[in-house]
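What follows is a single structure, written as C-alpha cells, with notes after it.
Just so it is clear, the structure is predicted and the values come from calculations on it, not from any experiment.
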Amino acid sequence: MTLSAPAQSRTTTKFIPLLRLQGVTKRFLNSRHNTTAVEWLSFDVYEGEFVCIVGPSGGGKSTLLNLIAGLDAPDEGQVLFEGEAVRRSGPERVVVFQEPALIPWLNVRQNVEFGLKLRKVHGVELRARVDRALELVHLRSFERAYSHELSGGMKQRVQLARALAVKPRMLLMDEPFAALDAQTRDGLQLELQAIWADMGTTILFVTHNVREAVVLADRVLVMTPSPGRLKSEIPVPLPRPRSIDSHAVVDLAAQVRAELQHEVGVSNEPGGADAR
Ligand SMILES: Nc1ncnc2c1ncn2[C@@H]1O[C@H](COP(=O)(O)OP(=O)(O)OP(=O)(O)O)[C@@H](O)[C@H]1O
Ligand SMILES: [Mg+2]
C-alpha cells in the first residue's frame, strides 16, 4: 500500500515525496531464530509534513527509523530520500532518541557544537547556528550548564537543539518525550509544534501516546504488531496549535486508539504512556 499525498499537508503542491518507502522488509537473526521486524512497508512523506507513527511495542518502529536514518539496510525493498536510495547516515536525516546521550564533560553549548564541528562547521557560522538552535529550545541561559545540572526535559531539549543545529531536511524522533512527566511532555509538545511551524523541517515522530500523535501530526500512521506493517492512516485536520485536552484531540485520539485496540499490548497497558 502506498499512501497518498495528504489533503491537509502544507505542501500539497509538491508531489515528489521527500521520503518514499517501497516494500521495505527487515529481518534479524535473534538467538538462532529469525525475527521479521518490519514487512512490506510502503509509504511516502512529503516535504514540510509532520507524520506520527504509533504501534505496539516490538512492532518495528525503531527499526523503521534506523532504516530511514541509514543506520541499517533493508533486506527487501527500498528507502528513497529525494528519489535516491539511502545507503548511509547523513546530516539531512537526523535521529532524536528517547534517551538524550549528552557528553557529560561538555556543557550545553559544547554539546550542540560537537556534531557541527565534526561536520567542519566553524567560526561565525558555528556560533550563529548554535545560538539559533539554543534559542529555539529556550536554553540560551543554560548554555554553560553540564548534563548533571539539567532536568530530563532540558536534556531532551539539548538533544533537539543538537539535531536542529545540523539543519536536517528530516527529523526522525523515536519516542523522544516518553521518559518525561506529563507536564514536561505537554510543554515540549507545544515547543516542538512552534519549532516545526517556524523551521518547516519535515518530522517523522514515533510515539506510544495516541494523544501526543494527534496533537502533533498532519497524519498518523498506525502499525500492526510484529512483524510491523502499516495498518491504517488517519489524517488530523485540526487547526494548530492544538491542546492535548481539547475535545477535538480527545475524539480523534479515541479513533486512533480504536485502530490500536485490535493490536496486542498497546492501548490497554494500564498507566502506560498511551493511557490518556
Ligand atoms: N539489532 C537488532 N538485532 C536483533 N533483533 C532486533 C534488533 N533490533 C530490533 N530487533 C527486533 O526487531 C523487533 C522490532 O524491534 P523495534 O525495536 O524496532 O520495535 P519498536 O516498535 O521500536 O518497539 P518499542 O515500542 O518497544 O520501542 C523486535 O522483535 C526486536 O527484538
Ligand atoms: Mg522503539
Non-hydrogen atoms of R242 and Q193 that approach each other most closely: N-OE1, 3.2 Å
So, do E99 and K155 sit near enough that their side-chain heavy atoms are less than 4.5 Å apart? no
Answer with yes or no whether the side chains of Q22 and S42 bring together a donor and an acceptor at under 3.5 Å. no
Under 3.5 Å, side-chain donor or acceptor atoms of residues 136-143 against the rest of the protein: list the pairs with distances, not counting sequence neighbours.
from, atom 1, to, atom 2, distance (Å)
R140, NH1, E135, OE2, 3.0
E143, OE1, R109, NH1, 2.7

We want to know whether T63 and N66 form a side-chain donor-acceptor pair, criterion being a heavy-atom distance below 3.5 angstrom. no
Is the shortest side-chain heavy-atom distance between V96 and L172 below 4.5 Å? no
Can you see whether T25 engages D75 through a side-chain donor-acceptor pair at a distance of less than 3.5 angstrom? no
For F114 against L106, the heavy-atom pair lying closest together: CD1-CD1, 4.0 Å
Among side-chain atoms of E259 and S232, is any donor-acceptor pair under 3.5 angstrom? yes
Members besides F28 in its Ile/Leu/Val/Met/Phe/Trp/Tyr cluster (side-chain heavy atoms under 4.5 Å): none
Cationic tip of R169 within the cone over F81's six-membered ring, i.e. under 6.0 Å and within 45° of the normal? no
Within the 4.5 Å heavy-atom criterion, are L80 and V86 side-chain neighbours or not? no
